[in-house]
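Down below is the structure, laid out as structure tokens.
For clarity, every value in this text was computed on a predicted model and none was experimentally measured.
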Amino acid sequence: MELATKYDPREVESKWYQYWLDHKLFSSRPDGREPYTVVIPPPNVTGVLHMGHMLNNTIQDILVRRARMEGKNACWVPGTDHASIATEAKVVARLAEEGIKKSDLTREEFLRHAWDWTHEHGGIILKQLRRLGASCDWDRTAFTMDEERSKSVIHVFVDLYKKGLIYRGVRMVNWDPKAKTALSDEEVVYKEEHSKLYYLKYYVAPEDQASVERKDEANVMHRDDRGWYAVVATTRPETIMGDTAMCINPDDAKNTWLKGKHVVVPKVGRTIPVIEDGYVDIEFGTGCLKVTPAHDINDHALGLKHNLETIDIFNDDGTISEAAGLYVGLDRMDVRKQINRDLNEAGLMEKIEDYTNKVGFSERTNVAIEPKLSTQWFLSMQHFADIALAPVMDDEIEFYPKKYKNTYRHWMENIKDWCISRQLWWGHRIPAWYYRPQGEAAAEGPKVGEVFVDEDLKGVMAQVEKLADVEHAIGALGETDFLKKAYTDRILPGEGAAEIALNFADGLFYQILSETVEMPIENDYALISTIKMLSETKQEYDKIATALNDVRRKGYGVVTPVFEEITLEKPEVFKQGSRYGIKLRAKGESIHLIKADVETEV
């Protein structure tokens, strides 16, 4: 037999890889051997391999082959991810080429196009892994939207929801104006941009002009023939239509002359208060901050703290909304250019400077994200972070290099709740039904838009049936100021009755506990932390925790003598951990439930 002078990988590798597949050498079935299982981090179904995949999968293959050689029952499970944002964007683009708008299709029609695209373009990346010789058990190939995985996703969602770890509420999220969906923090890529810093004139309100006076030698005061004015530096002049306050640092000697005054938003003409807060960086710009609660996460926090109005000036596609009053319908980036010209012509621009800053972009569509207040579904992450941190800090799990231990700790200690909903049709549909009566809603009963979560409609209807006759128990409590406060304290600013994320029962329960221990308690995990702080020994902690959980299960009654009269008559209707434990329903009223109008994806 003559040996080839050169190694030809195409002939050798394809031959032997096919031999491995034909003889099921990568196949794994449960037996008495020590198991060793790796689930491949699923790549996008319509993606192709890049160097990151190559590194990751090479390491996995080495570990799995080593385990196999050690006699372990090694199983490497392959699969792909449905890639909701990327896939939907590609499908929408192809439809546009055919002259079809997504908005002209029903959800079912769009999904047929999405599945066609997936079948046509999906699987390339798995073929590439085969060509590379990956020793996966290909008989176990999975897809995140196949029937088995979809059932698992829905089951886990409902389970976490009933445990209080998934909730729905209005929060500031990263909004992708091109995909028209919320994004998680991990889907935002920050890029350095050479931008501009615009210095705008905010004139002191006419009624305050006469009272302007120097309060400190360090005051930096501005005046022209129109009167006194403050200067605000911003990189986003297009958001001034949403300004509802100007903020200064109370310790900033430059701006003490503005304390207690009102100023006028340039071009807009709205009079807004000057508020004081230590959040403002004295060294940045002029020390005067325009506050736009609807379009900046820090401004939103200031808005909540100082009870400011929230004006959402952007539509979902990044154009200016009717609420702005100016430039309605124009794209936000076009407005930035136009408002620059308009402010200059009106003499409302002090100056413009070059400025380098980091701007967040959507990882999938590469457009600048927009901070936006939106009703979304969130996963409470602190519980999981607490579980995940200890094994690493105790060196049960080790990082290589060691320096990443501190990076990991920083992540876990600064974890934020994860926005898990997307305003897309391609993806797992959140198992939430929203109450909508066919006629007028009853005076007592589920409110329009009220949310029910379960794995299927049968489960939801079972929930609804359990709520019958609860109005008698609620009526027995009466409309006391305490009960009203316990309820209304759970409502987020800007939410209507249909948007309340925490129910009456939870509000009452936590209100009682908070007043009992004289510490704020907002959820189960805050409760556990508080118990730990109040307990000197584990035995005492377990005793208190067990007692409080028992109170929770039995109907939130008799926590302290002060609340002895607050004992619900039908405790069996309250489900432990449910955020929608108490629902009212008029006797004999038929219940109509539908899926969400805006489809969302996990």
Side-chain angles (χ1 to χ4, degrees), residues 84-93 95-96 101-104 110 170-196 198 200 234-244 265 267-268 290-300 303 310-343 355 357-376 419 421-426 494 597-601:
S84 57
I85 297 176
T87 300
E88 182 148 332
K90 290 177 180 178
V91 174
V92 169
L95 290 172
K101 294 181 179 178
K102 177 187 172 184
S103 57
D104 294 335
F110 179 84
V170 177
R171 299 288 188 277
M172 184 71 71
V173 298
N174 303 302
W175 186 262
D176 183 333
K178 185 174 182 180
K180 297 181 185 177
T181 181
L183 304 175
S184 70
D185 292 344
E186 286 67 34
E187 293 167 311
V188 177
V189 178
Y190 287 90
K191 302 179 184 179
E192 193 171 88
E193 281 211 334
H194 299 295
S195 186
K196 301 288 183 183
Y198 302 86
L200 313 183
T234 180
T235 59
R236 304 195 64 198
E238 70 275 13
T239 63
I240 61 174
M241 288 86 77
D243 288 0
T244 54
V265 180
K267 185 69 178 174
V268 179
K290 61 189 286 298
V291 183
T292 314
H295 301 293
D296 181 273
I297 190 166
N298 297 311
D299 288 9
H300 179 56
T310 298
I311 304 173
D312 187 349
I313 67 166
F314 291 126
N315 294 315
D316 288 348
D317 61 358
T319 57
I320 304 301
S321 71
E322 294 283 348
L326 299 171
Y327 310 106
V328 176
L330 297 180
D331 183 79
R332 57 191 173 140
M333 297 306 178
D334 294 334
V335 172
R336 181 177 298 182
K337 299 173 184 175
Q338 184 61 48
I339 204 169
N340 177 22
R341 292 191 289 267
D342 292 347
L343 290 170
Y355 185 69
N357 62 336
K358 288 192 174 183
V359 178
F361 285 80
S362 169
E363 182 183 34
R364 300 303 180 192
T365 62
N366 198 36
V367 300
I369 62 102
E370 192 62 53
K372 182 179 177 66
L373 278 177
S374 179
T375 301
Q376 301 290 341
C419 178
S421 51
R422 303 289 179 269
Q423 283 56 58
L424 302 168
W425 278 345
W426 177 244
D597 287 334
V598 180
E599 306 305 340
T600 51
E601 180 272 339

State, with a plain yes or no, whether a side-chain heavy atom of [X] is found less than 4.5 Å away from one of [Y].
| X | Y | answer |
| --- | --- | --- |
| Ile313 | Tyr327 | no |
| Asp243 | Val291 | no |
| Tyr198 | Pro237 | yes |
| Ser362 | Leu183 | yes |
| Pro177 | Val367 | yes |
| Lys178 | Asn366 | no |
| Leu95 | Lys101 | no |
| Val328 | Leu330 | no |

Nearest 0.5 Å, what's the OG1-NE2 distance between Thr239 and His295?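 It is 7.5 Å, given to the nearest 0.5 Å.
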Give, for atom OG of Ser184 and atom CD1 of Ile85, the distance between the pair rounded to the nearest 0.5 Å.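 The distance works out to 7.5 Å.
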Kindly say whether [Y] contributes a backbone atom to a donor-acceptor pair with the side chain of [X] at under 3.5 angstrom?
| X | Y | result |
| --- | --- | --- |
| His300 | Met172 | no |
| Asp299 | Pro293 | no |
| Thr234 | Arg236 | yes |
| Glu88 | Trp425 | yes |

Taking every non-hydrogen atom, the tightest pair across [X] and [Y]:
| X | Y | value |
| --- | --- | --- |
| Arg364 | Ala86 | CD-CB, 4.2 Å |
| Cys419 | Arg422 | O-NH1, 3.0 Å |
| Gln423 | Ala182 | OE1-N, 3.2 Å |
| Phe361 | Ile369 | C-CG2, 3.8 Å |

Step by step, would you call Asp342 with Asn340 a side chain to side chain contact (heavy atoms under 4.5 Å, CB included)? CA-CA 6 Å; Asp342 292 347; Asn340 177 22; over 6 Å; no
Pair [X]-[Y], side-chain donor/acceptor within less than 3.5 Å:
| X | Y | result |
| --- | --- | --- |
| Asp176 | Thr365 | yes |
| Ser195 | Glu193 | no |
| Asn315 | Thr319 | yes |

* Asked: Does a sphere of radius 6.0 Å around NZ in Lys102 hold more than 12 heavy atoms from other residues, nucleotides or ligands, not counting ones at 6.0 Å or beyond?
  ->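 Result for NZ/Lys102: enclosed.
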Practice prompt. Determine, for Trp175 and Lys180, whether the Lys NZ or Arg CZ falls below 6.0 Å from the six-membered ring centre while staying within 45 degrees of the axis.
Written response: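 Geometry flag: not set, cation outside 6.0 Å or 45°.
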**Prompt:** Distance under 6.0 Å and angle within 45° of the ring axis: does Lys358 meet both against Tyr190?
**Reply:**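 Here Lys358 fails the 6.0 Å and 45° test against Tyr190.
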Check: Would you call Lys372 and Asp312 a salt bridge, using N to O less than 4.0 angstrom?
Finding: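 A salt bridge is present here (some side-chain N lies under 4.0 Å from a carboxylate O).
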Worksheet entry | Leu326 and Ile320: CA distance, side-chain angles, deciding distance, side chain to side chain contact (heavy atoms under 4.5 Å, CB included) verdict | CA-CA 8 Å; Leu326 299 171; Ile320 304 301; over 6 Å; no
**Check against side chain to side chain contact (heavy atoms under 4.5 Å, CB included), Thr310 and Thr244** = CA-CA 7 Å; Thr310 298; Thr244 54; over 6 Å; no
**Message:** For a side chain to side chain contact (heavy atoms under 4.5 Å, CB included) check, start with the C-alpha distance between Thr235 and Tyr355, then their side-chain angles and the critical distance, and finish with the verdict.
**Reply:** CA-CA 8 Å; Thr235 59; Tyr355 185 69; 3.6 Å; yes
Write out all pairs satisfying salt bridge (Lys or Arg N to Asp or Glu O under 4.0 Å) with one or both partners inside residues 318-336, taking only residues at least two apart or from two chains.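 Sorted pair list: Glu238-Arg336, Arg332-Glu370.
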